[in-house]
A.B. asks: 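Take a look at the following structure, please.
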Amino acid sequence: MVLKIYNTLTRRKEEFIPLKEGEVGMYVCGPTVYNYIHIGNARPFITFEVVRRFLKFKGYKVKYIQNLTDIDDKMINKAKELKITVLELAEKFIQEYFIDADSLNIEKADIHPRATEHIKEIIELIKGLEEKGYAYEIDGDVFFDVSKFKGYGKLSGQNIEELKEGARVEVDERKKESIDFALWKRMKEGEPSWESPWGKGRPGWHIECSAMSMKYLGKSFDIHTGGSDLIFPHHENEIAQSEAYTNQQFVRYWMHNGYLCLNNQKMSKSLGNIMKVRDISQKYKGEIIRYFILSAHYRSPLNFNEEQLQQAESSLQRLNNTIFNVKHLLKQGKFRKSKDKNDKVILEKRKENEQKFIEAMDDDFNTPVALSWLFSFAREVNIYLNFPSTKNKEVLEKILKFYQELAGEILGIMKVFDQEESFEQEIKKLIEGREEARKKRNWVESDQIRDKLKEKGILLEDTPEGVRWKKR
RNA sequence: GGCGGCAUCGCCAAGUGGUAAGGCAGAGGACUGCAAAUCCUUCAUCCUCGGUUCGAAUCCGAGUGCCGCCUCCA
């Protein structure tokens with residue numbers, strides 16, 4: 001089966017063919033570390049991490065780079081506000097970022113390069129552009145000359161003339177054209193700066209991603225991703241800088257996710273309508289938040305509200321119940337060696353559902369459809385479990401493996417083998433006491449014990465194979 | 001002004017020409033001492049109006065509503 005990816009550059013779904021067979025180079029625009037991330041920031045991080053996980057599942061060796069922007073206007077302003085250095089600010093929020101990412105089961109990238117640690121590469125790049133005539137310096141500022149780069153606007157579908165007319169920002173009068181953008185910014189009093197051929201200063205925003213992505217992935221690489229708001233100008237400018245410099249295609253597949261909205265408005269720090277990951281994760285597990293994000297296709301807009309999270313929790317509960325019930329049977333330890341018709345049927349269903357799941361993911365990472373096959377299989381498993389017969393151990397394990405691989409390793413929405421319920425002695429005793437009472441048909445006492453356990457967050461379920469208990 | 005997206009059951013959300021996946025919530029039933037979990041049954045004709053077609057949620061046109069980018073922004 002072939003993987004198809006929607007490429008912003010061509011506005012079409014295309015078959016994914018990596019530059020080098022079996023290997024994928026991927027660059028993800030990461031956070032600017034001046035504050036806690038919000039759930040809107042988390043959307044691309046989760047989405048594209050799933051892309052990475054799925055590529056790995058398909059057997060690709062993936063090199064995954066996510067940058068940390070640790071120098072720009074926002075960093076400088078925030079540091080001033082807090083009366084600390086930009087470096088101190090960066091250190092703090094890089095740590096906080098990883099705490100949040102961890103709470104969302106987001107695995108670390110292979111490399112998390114920081115802009116301030118790549119000043120040398122950035123200067124090199126700007127120097128090259130200047131030599132080739134794509135950049136010009138004015139009083140210590142260096143700008144990219146957009147008019148020199150043919151193809152400017154190919155990613156965002158803008159044409160240069162329209163952009164010039166549409167410019168609504170106050171324009172730096174020294175620039176040749178309003179759409180020229182800064183590669184290097186002259187130092188201002190009290191701001192961090194680095195030595196350069198143009199005097200002291202700091203890099204512009206777009207140049208860091210060009211410098212770092214090419215350093216780690218090569219002049220031309222496979223996948224570059226980010227939120228849709230980065231298409232213009234950020235990624236458009238990255239293309240211009242990089243391709244002007246190397247004379248070859250910068251990125252083959254551009255992927256952009258839709259916005260996450262709050263009350264149908266784009267969640268953004270400047271609007272102030274944000275929900276911090278830190279706050280949400282106090283109340284909802286990472287798996288639930290991931291489920292919520294993955295329940296819509298990544299390119300669609302997604303509206304955030306708490307009801308959605310609660311629905312996600314209930315939905316996920318259904319899947320967890322199923323694997324929980326399978327694990328209960330495994331713990332009972334009574335198995336049959338041979339396989340009967342039911343065993344064969346469920347193994348067949350397992351294969352079918354796995355294929356459907358992969359098919360959905362192959363179709364531009366259609367996670368909502370992929371999820372539906374997880375539910376479809378859960379129903380089959382529940383029917384299988386309901387059938388009154390001793391089960392085959394290998395079959396039960398294969399069912400768990402299905403969820404471990406697809407829901408666990410690829411989507412990161414379940415922890416199949418991770419829920420080690422420590423069997424506290426006290427609980428065990430209470431359950432035994434209740435069994436005694438039930439044998440005597442003393443329902444009042446047995447219900448009291450069950451209620452008592454419920455208060456402790458332990459739920460009891462009576463089954464033909466004995467009492468089953470779980471937390472929450 | 002330029003470029004782009006969205007509108008499908010109470011809620012979420014797939015489906016891009018062949019007669020509406022899945023989940024949450026709801027209703028009825030089975031199982032249970034009662035529950036829980038589970039199973040079975042049930043639950044929409046796709047914003048409006050025109051058009052193309054044997055056939056459209058899906059294509060075209062015109063509307064309506066909402067959102068985004070063009071400026072820092074995931």
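Only heavy atoms go into these numbers, but all of them, side chains included; no hydrogens, no water, no symmetry mates. Naming convention: chains lettered A, B, ... in sequence-line order (proteins, then strands); numbering from 1 in each chain.
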A.B. asks: Could you state the CG-C1' distance from Asn159(A) to G2(B), rounded to the nearest angstrom?
C.D. replies: 8 Å
A.B. asks: With heavy atoms under 4.0 Å as the rule, sort Ser156(A) into base, sugar-phosphate or nothing.
C.D. replies: sugar-phosphate
A.B. asks: When you measure only distances, ignoring hydrogens and angles, does the side chain of Asn305(A) come within 3.5 Å of the base of C11(B) through a donor and an acceptor?
C.D. replies: no
A.B. asks: For Asn257(A), answer base if it contacts any base atom (sugar-phosphate contacts may also be present), sugar-phosphate if it contacts only those atoms, and nothing otherwise; contact means non-hydrogen atoms under 4.0 Å.
C.D. replies: base
A.B. asks: Atom CG of Leu163(A) to atom P of G4(B): distance rounded to whole Å?
C.D. replies: 13 Å
A.B. asks: Is Ser300(A) touching bases, backbone alone, or none of the nucleic acid, heavy atoms closer than 4.0 Å?
C.D. replies: sugar-phosphate
A.B. asks: Check the distance between G5(B)'s P and Asn303(A)'s CG and give it to me in whole angstrom.
C.D. replies: 20 Å
A.B. asks: For Tyr259(A), which contact category applies under a 4.0 Å heavy-atom criterion: base, sugar-phosphate, or nothing?
C.D. replies: base
A.B. asks: Give a yes/no on whether any side-chain N or O of Arg379(A) is located under 4.0 angstrom from OP1 or OP2 of C40(B).
C.D. replies: yes
A.B. asks: With a cut-off of less than 4.0 Å, is there a side-chain N or O of Ser295(A) near OP1 or OP2 of A14(B)?
C.D. replies: no
A.B. asks: Do any side-chain nitrogens or oxygens of Lys266(A) fall under 4.0 Å of OP1 or OP2 in G5(B)?
C.D. replies: no
A.B. asks: Touch check for Gly153(A), heavy atoms < 4.0 angstrom, all strands: base, sugar-phosphate only, or nothing?
C.D. replies: nothing
A.B. asks: Do Asp229(A) and G68(B) share a donor-acceptor pair, side chain to base, under 3.5 Å?
C.D. replies: no
A.B. asks: When you check the phosphate oxygens OP1 and OP2 of C66(B), does a side-chain N or O of Asn264(A) lie under 4.0 Å from one of them?
C.D. replies: no
A.B. asks: Going by ring centres under 5.5 Å and near-parallel planes (under 30°), is Trp443(A) stacked on G33(B)?
C.D. replies: yes
A.B. asks: Categorize Asp72(A) for me: base, sugar-phosphate, or nothing, with a 4.0 angstrom heavy-atom threshold over every strand shown.
C.D. replies: nothing
A.B. asks: Need one value for Leu374(A): base, sugar-phosphate or nothing, where a base atom within 4.0 Å counts as base even if backbone is also close, heavy atoms only.
C.D. replies: nothing
A.B. asks: Is a donor from one side chain sitting under 3.5 angstrom from an acceptor on the other, for Asn257(A) and Arg299(A)?
C.D. replies: no
A.B. asks: Please classify the nucleic acid contact of Gly157(A) as base, sugar-phosphate, or nothing, using heavy-atom distances under 4.0 Å.
C.D. replies: sugar-phosphate
A.B. asks: Need one value for Leu230(A): base, sugar-phosphate or nothing, where a base atom within 4.0 Å counts as base even if backbone is also close, heavy atoms only.
C.D. replies: sugar-phosphate
A.B. asks: Under the salt bridge (Lys or Arg N to Asp or Glu O under 4.0 Å) criterion, do Glu287(A) and Arg290(A) qualify, and how do the steps go?
C.D. replies: CA-CA 5 Å; Glu287(A) 290 83 61; Arg290(A) 289 178 76 101; over 6 Å; no
A.B. asks: Verify the distance criterion only: is there a donor paired with an acceptor across the side chains of Asn273(A) and Gln265(A) at less than 3.5 Å?
C.D. replies: no
A.B. asks: So for Arg468(A) and A37(B), does any side-chain atom that can act as donor or acceptor lie under 3.5 Å from a complementary atom in the base?
C.D. replies: no
A.B. asks: Is any side-chain nitrogen or oxygen of Asn366(A) closer than 4.0 Å to OP1 or OP2 of G15(B)?
C.D. replies: yes
A.B. asks: Looking for any heavy atom pair under 4.0 Å, which part of the strands does Gln158(A) touch: base, sugar-phosphate only, or nothing?
C.D. replies: base
A.B. asks: When rounded to the nearest 0.5 angstrom, what distance separates OG in Ser193(A) from CZ in Arg202(A)?
C.D. replies: 10.0 Å
A.B. asks: Taking the six-membered ring for Trp, is the centroid-to-centroid distance between Tyr97(A) and Phe45(A) below 6.0 Å?
C.D. replies: yes
A.B. asks: Indicate whether OP1 or OP2 belonging to U38(B) is found under 4.0 Å from a side-chain N or O atom of Asn321(A).
C.D. replies: yes
A.B. asks: Between Tyr216(A) and His118(A), is there a side-chain donor-acceptor contact under 3.5 Å, judged purely by atom types and distance?
C.D. replies: yes
A.B. asks: Using only modelled atom types and a 3.5 angstrom limit, is any donor from either the side chain of Arg438(A) or the base of G33(B) paired with an acceptor on the other?
C.D. replies: yes
A.B. asks: Using a cut-off of 4.0 Å on non-hydrogen atoms, how would the nucleic acid contact of Leu460(A) be classed: base, sugar-phosphate, or nothing?
C.D. replies: base
A.B. asks: Could you check whether Arg12(A) gets within reach of a base, just the sugar-phosphate, or nothing at all, counting any heavy atom under 4.0 Å?
C.D. replies: nothing
A.B. asks: Please report, rounded to the nearest Å, how far the C1' atom of G23(B) is from the CD atom of Glu313(A).
C.D. replies: 14 Å
A.B. asks: Looking at every strand, decide which applies to His256(A) at a 4.0 Å heavy-atom threshold: base, sugar-phosphate, or nothing.
C.D. replies: nothing
A.B. asks: Below 6.0 angstrom between ring centroids: does that apply to His206(A) and His235(A)?
C.D. replies: no
